[in-house]
Amino acid sequence: MANRKVIGFVGLDELALQMASSAIRHGYHVRAFEISDPLINEFTNLGGVRCSSPLEAGRDATALVVLISHVDQTNDLIFGDEGASKDLKPDTVLILRSTILPSALCKLEKDLAEIHEIAFVVDAYVSYGRSDALNGKVTIASSGRPDAIARARPILSAMCEKLFTFEGEIGGGSKVKMVTVMLEGIHFINSVEALSLGAKAGLHPWIIYDIISNAAGNSWVFKNNVPLLLKGDIKHQILITFVKELEIIVDVAKSLTFPLPLLAATHQQLIHGVSLVGSGDDATTLIKVWEKVYGVKISDAANADAYNPEQLASEFTNSSKSGRRIGFIGLGAMGFGMATHLLTSKFCVAGYDVYKPTLTRFANAGGLVGNSPAEVSKDADVLIIMVTNEAQAENALYGECGAVSALPPGASIILSSTVSPAYVSQLEHRLHNEGKNLKLVDAPVSGGVKRASMGTLTIMASGTNDALRSAGFVLAALSEKLYVIKGGCGSGSGVKMINQLLAGVHIASAAEAMAFAARLGLNTRLLFDFITTSGGTSWMFENRVPHMLDNDYTPYSALDIFVKDLGIVTRESCSWKVPLHLSTTAHQLYLAGSAAGWGRKDDAGVVKVYEMLTGVRVEGKLQAQRKDAVLHSLPLEWPQDPILDIQRLTEGNSKILVVLDDDPTGTQTVHDIEVLTEWTIESLIEQFRKSPKCFFILTNSRSLSSEKASALIKEICTNLDTAGKSVENIDYTVVLRGDSTLRGHFPEEADAVVSVLGEMDAWIICPFFLQGGRYTIEDIHYVDDSDMLVPAGDTEFAKDAAFGYKSSNLRDWVEEKTNGRVLASSVVSISIQLLRKGGPDAVYQHLCSLQKGSICIVNAASERDMAVFALGMIKAELMGKRFLCRTAASFVSARIGIISKPPLLPNDIGIARERNGGLVVVGSYVPKTTKQVEELKLQCGQFLRSIEVSVEKLAMSAIEEREEEISRSAELADLYLKAHKDTLIMTSRNLITGKTAIESLDINFKVSSALVEIVKRITTTPRYIIAKGGITSSDLATKALGARCAKIAGQALAGVPLWQLGPESRHPGVPYIVFPGNVGDSRALAKVVKSWTHPVRHASTKEIINNAERGGYAVGAFNVYNLEGVEAVVSAAEEEKSPAILQIHPGALKQGGIPLVACCISAAEQASVPITVHFDHGTSKQDLVEALELGFSSVMVDGSHLSFDENVAYTKFISLLAHSKDMLVEAELGRLSGTEDDLTVEEYEAKLTDVNMAQKFIDETGIDALAVCIGNVHGKYPASGPNLRLDLLKELHALSLKKGVSLVLHGASGLSKQLVKECINLGVRKFNVNTEVRKAYMDSLITPKKDLVHVMASAKEAMKVVVAEKMHLFGSAGRA
């Protein structure tokens, strides 16, 4: 096919059909070779084409997908006579879907390259996604050389919902499959062991399933296979497949000398199962096989009467009559959280722990403390035991000063420690024998430290009905999920034991799998991402593997706990005579870890056993990645631009966006929006009445403490609420615009908003910011640094003294910043795949389906992604959904449909004519700012004046030193600005931080307030102001400049907002550039300063005269001879706002030389109005050629003394040279009489300009301006006055319009106002003025002066009056 956009398939299965269907949707043609008629028929029904051979399937294909189940198939399918390789093009991508070993794939790739010159070969493990987001959709794990992956990526992406690429040698896909399958196999046998032990212990299998599928012991295999197993819907044939697949993995591990004890135990159990099935027996269900293996009638237990343990718990808690006096023994990590939560729930709690500092902490939290178990038990209605093991529980109850002896009759004991069911049963009997009517509730807990403190544990309780009623109220207070298990005391511990059996094996199997993956050379972090979407995942895998990848074994749950808990499992299995080979092997791994000294580390540390034995490293720290590779790996953007739809909905009935900006930099993507620095109810009402799409409120809360920031946000939201209710038909959405590098008061500010405005349907977290190089991909937030995407947690921003963090994954970041109140597992996200494949409607549906109060992360890598999300969110809002957004700047512009515009320059704002210096104030301390300041001084040092303010003196020294530093800096800055010098005020770069975050904020405040005071004391109005850093820019705007409202005009640079200060400020209308501390490369600040510094004017004479032509006025060209003359013309031009031309005659050049020219050029460049320098009456080639090199903007070629032909040749010669330098060329045709600068033309030599000759002259010379002779003269006119031929001028004007040249009139001195105006009306656009100006100069010298400077001032003023008068006469005044 001509376009070669064809994908061929050799071999089909159900997955291949889905791949083909997806490829067709992406615009590919597909064809296939397959011998199975049902499959090929379904393929053709999709729109595919049937091929007669592998060769035909691969001919001219862009890519060929080959399904290989055995290495022997490669000869027929690829290398045979009709094999696919025979007719493949060199650039075809060969995609091998294979289950053969990686080594075989490497050999195959080598053969393909050497024999058939096929260069682009990748392997692909294709499977169904098992996560909630990818459930049942095709996922692909592919590997190959970088060039092959790069070529294959768009094709693979088109065939799946989710693509994982493992760059390196081929075989990675096969390795990923091995790791996934080994986890699935281990989890399968683990599930069977759990069911067997549970059933033997008298627990209902369906109750186990219902509880565990929502607990830490869950896995994809458990959740999805156990129901089928219990119903008898799985036949034993699956065992054979498992045995074969695991055998391959075991063999690979042997070849690598890598121990896989859990897989080996699993493999042996599966072989045992296969051995129990007779040949020809096809009907035996798998559950029956396992009943033979374990000797447990699981089916009988599953068929027993079931009940609802949550409903049963509800019955007990509703009828509970628990007292409120609680004794609590065991204030460890879990116990302390539980006990303090009971305090907040209004229980009276007396606590005891052997560790005395913990008792002090508990007392400080409001609890009572006792010195022994007996002391906290003597008046207790309910006693809770939360100690580590049975021995500690025994000691607490029956040891010296034990609790049992002191408990009042009828008291209840809740045993929440993880102990064996047998111990609980025995304890109940012993308590009964005490004769005090003591009631025991067996209530082990699950959920971890964070949930303990929040009262959201999962509790599995058992005991007598009376005991459960007496403790129900307390149990309810501690739990989010409470299950009551029938079977009496011990049943609750039985369920906890099963959960720990599953969880313990899942952690150990995760360690084994990840260690094996590291040995295979896989990217362990990328593998983790894949496994979490596959059938190999489990709750513990997703929770604990990040600890292994980060090499962070902070003990959230210690390894020794599983030494104990799996010890209970193995002991109970012996008691019940249920062989648990897998669980026992896992227990040995934990024992090995404890023996190595890791018992107190996190239980994920069991992976260290493998690392120690084999030398591998599982650690897979997030790596910086090449930006182009990452972005190219993503699906194509959503094809339709949503901006017009957003604008339409925004102009209709969409909500007003109220952006609470924690520093001024959040305005960096919008324009024509107002920003308020006050939030009075009146100012908010005024804004609402304008019905804007959006407005900003500058809170500057990032500079405050957490408590003050929360109070401020509550105040603003209260005022917003009042103002909103005061204006009819107003609804709004609050956006907390925060730092795109994740710094700021989260979740405190969000909590503050909700406390006033009520609970939202969801919090939206969206830190994407294109202009700053911030991307969120796969929930990981990245910062672009030199075209590398660096995980945010590894950047300088994460080390911020006040707002530091560790997590780059935004799910983990939410958990980190909320201190575990919101678990990472509960955070949802909108993926780039959903944005780019599902579009706004998919976003809308996703948002509408969220559980109320959810936190949702938005992934984005382009502004189109942001716009797609924004449109989906608006649609959800129109359906009544309420969202609170914590975002960076890009979200705001997308949400209101703003189309970006180019960066603004001084001319755009109308300040080009201002002369005072600009002011740059730098307060930000981030390393990026320091690099930018260094580059600024390097590039702009020649014109920029620098003032360094000592932070040491501002923040750490005596008040007198601080005041002296502030005064010195302000006075110096004022002097520089008045001298028209752009001025940099910067804090010294030595970062000083406090011992705590609050101390650091205090230091920041002292420095920021000093900068405010310095700017306050500057009396000169700067031409522009650049404030570098969020806190700095906020404080300067509000406190130093008194701005209450400003208009966001646009950006000075991408991501750098530009405001125009309001009329109430100290400097109304002055451009205020808010330069974030974390935006731009090292040259960004210098780039902005150079574009905003006093502009070096490069006006041209051609431009000035063309503007005069368009405006119907003329411009004066004033001959100058010295500095006074230059200053007179420039000063008059600036005061009259007129363009002007400084004109140098050859006589003046002879006397003044190059310094005179340089003076004119410098004055022109520094002027605030267009001024150029013109060389007049060049009568010699030598003079003109030299003038061309001196920097003049235009020249007059004077060949009027020559014959016509000589004049043409002379003028043409110079014209060609001047035009090569883009200079205007003026020439004279005809000849003026009179004297100018000692050059005299007698009257008899003068001649008028001939129209016909003028036409020929213009055509042959290519001049731009023609000086005409119509009776005008140099010098003084005769007493009778000028006699101008206006009829001739009219003809020449008509010619000039036709030829596109401008007319010039020399000898303007002495012309009447009326004549001048008539000449202008007839097309004269440049008047040469000399005589009158010279006369004014000479006349000023007549009156004696005391000093030479007075002579200069008088002369300048005299000439200036004449020049200004001429500008008004010519009509150029006010035209600049």
Q | D1222, CG: over 12 other non-hydrogen atoms inside 6.0 angstrom | A | no
Q: Salt-bridge test for E965 and R968: reply yes if a basic N is under 4.0 Å from a carboxylate O, no otherwise.
A: yes
Q: For F1370 and V1115, run side chain to side chain contact (heavy atoms under 4.5 Å, CB included): C-alpha distance rounded to whole Å, both residues' side-chain angles, the deciding distance at 0.1 Å, then the answer.
A: CA-CA 6 Å; F1370 300 155; V1115 178; over 6 Å; no
Q. Atom OG of S1354 and atom CG of D1339: how far apart are they, to the nearest 0.5 Å?
A. 10.0 Å
Q. Judged by atom type as modelled, is there a donor-acceptor pair below 3.5 Å linking the side chain of S1215 to the main-chain atoms of T1261?
A. yes
(Q) Within a 6.0 Å radius of atom CD on E964, are there more than 12 heavy atoms belonging to other residues, nucleotides or ligands? (A) no
Q. Salt-bridged, D974 to R1017, with N to O below 4.0 Å?
A. no
Q) Would you say the side-chain atoms of Y1024 pair up with the backbone N or O of V920, donor to acceptor, closer than 3.5 Å? A) no
(Q) Return the CD to CD distance between E1134 and E1127, rounded to the nearest 0.5 Å. (A) 10.5 Å
Q. Measuring from I1025:CD1 to L977:CG, what's the distance to the nearest 0.5 Å?
A. 9.0 Å
Q) So, do Y1113 and N1107 sit near enough that their side-chain heavy atoms are less than 4.5 Å apart? A) yes
Q: Indicate yes or no: at least one non-hydrogen side-chain atom of L1292 is less than 4.5 angstrom from one of I1270.
A: yes
Q. Taking everything shown except E948 itself, do over 12 heavy atoms lie less than 6.0 Å from its CD?
A. yes
**Q.** Interatomic spacing from CG in L1297 to OG in S1302 - rounded to 0.5 Å
**A.** 9.0 Å
Q: Indicate yes or no for a side-chain donor-acceptor contact from T1020 to the backbone of I1018 under 3.5 Å, with no hydrogens or angles considered.
A: no
Q) Considering all heavy atoms of both residues, which atom of Y1337 and which atom of S1340 are nearest to each other, and what is their separation? A) O-OG, 2.6 Å
Q) Mind checking whether H1177 and H1306 have parallel, tilted or perpendicular rings, split at 30° and 60°? A) perpendicular
Q: Please report the C-alpha distance between L1149 and L1156 in whole Å, then the side-chain angles of each, then the deciding distance to 0.1 Å, and finally whether the side chain to side chain contact (heavy atoms under 4.5 Å, CB included) criterion is met.
A: CA-CA 7 Å; L1149 180 60; L1156 176 61; 5.8 Å; no
Q | Heavy-atom pair of closest approach, residues S1180 and Y1210 | A | N-OH, 3.0 Å
Q: Please check if atom CE in M1338 has more than 12 non-hydrogen atoms from other residues, nucleotides or ligands closer than 6.0 Å.
A: no
Q) Does P1139 offer a backbone N or O that forms a donor-acceptor pair with the side chain of R1375 under 3.5 Å? A) no
Q.
Under a 3.5 Å cutoff, is there a donor and acceptor pairing between the side chains of E963 and S967?
A. yes
Q) So which heavy atom on V1195 is nearest to which on A1218, and how close? A) CG2-CB, 4.5 Å
Q: With rounding to the nearest 0.5 Å, note down the distance linking NZ in K1366 to OG in S1372.
A: 12.0 Å
Q | Any side-chain heavy-atom pair of E1136 and V1169 under 4.5 Å | A | no
Q) Do side-chain atoms of T1211 reach the backbone of N1207 as a donor and acceptor pair under 3.5 angstrom? A) yes
Q | Distance in Å, S1296 OG paired with L1266 CG, rounded so as to fall on 0.5 Å steps | A | 8.5 Å
Q) Does K1299 NZ have over 12 foreign heavy atoms under 6.0 Å away? A) yes
Q.
Measuring only between side-chain heavy atoms, which start at C-beta, is Y1072 closer than 4.5 Å to S1065?
A. no
Q: Using atom types as modelled and distance alone, determine if a side-chain donor or acceptor of D1264 lies under 3.5 Å from a backbone N or O of L1224.
A: no
Q. So, the side chain of R1325 versus the backbone of I1320: is there a donor-acceptor pair under 3.5 Å, distance only?
A. yes
Q: Evaluate the side-chain proximity of I1104 to K1326: yes if any heavy-atom separation is below 4.5 Å, no if none is.
A: no
(Q) I'd like to check N1330 versus Y1121 (side-chain heavy atoms, cut-off strictly below 4.5 Å). Are they in contact? (A) yes
Q. Of all heavy-atom pairs between L1288 and L1248, which one has the smallest distance, and what is that distance?
A. CD2-CB, 4.2 Å
Q. K1221 and L1217: side chain to side chain contact (heavy atoms under 4.5 Å, CB included), yes or no, with the steps?
A. CA-CA 7 Å; K1221 296 177 178 293; L1217 293 176; over 6 Å; no
Q. Between K1181 and F1213, is NZ or CZ placed under 6.0 angstrom from the six-membered ring centre and within 45° of the ring axis?
A. yes
Q. Minimum heavy-atom separation for I1263 to V1301, with atom names?
A. O-CG1, 3.3 Å
Q) Looking only at heavy atoms, which two atoms of C940 and V1089 are closest? And how far apart? A) SG-CG1, 4.4 Å
Q. Considering only heavy atoms from C-beta outward, does the side chain of M1223 approach that of F1192 to under 4.5 Å?
A. yes
Q: Flag yes if more than 12 heavy atoms outside K1102 fall under 6.0 Å of its NZ atom; otherwise flag no.
A: yes
**Q.** Flag, side chain of S1091 to backbone of V1088, donor-acceptor distance under 3.5 Å
**A.** yes
(Q) Please check: side-chain N/O of T1249 versus main-chain N/O of C1269, any donor-acceptor pairing under 3.5 Å? (A) yes
Q. Does the pair L1303 and L1289 meet the rule for a side chain to side chain contact (heavy atoms under 4.5 Å, CB included), with working shown?
A. CA-CA 9 Å; L1303 297 183; L1289 180 59; 3.9 Å; yes
Q: Please indicate whether I1154 has more than 12 foreign heavy atoms, meaning atoms of other residues, nucleotides or ligands, lying under 6.0 Å from its CD1.
A: no
Q.
In the structure I gave you, are the side-chain heavy atoms of D1198 and E1226 within less than 4.5 Å of one another anywhere?
A. no
Q | Heavy-atom donor-acceptor pair, D982 side chain to G918 backbone, under 3.5 Å | A | yes
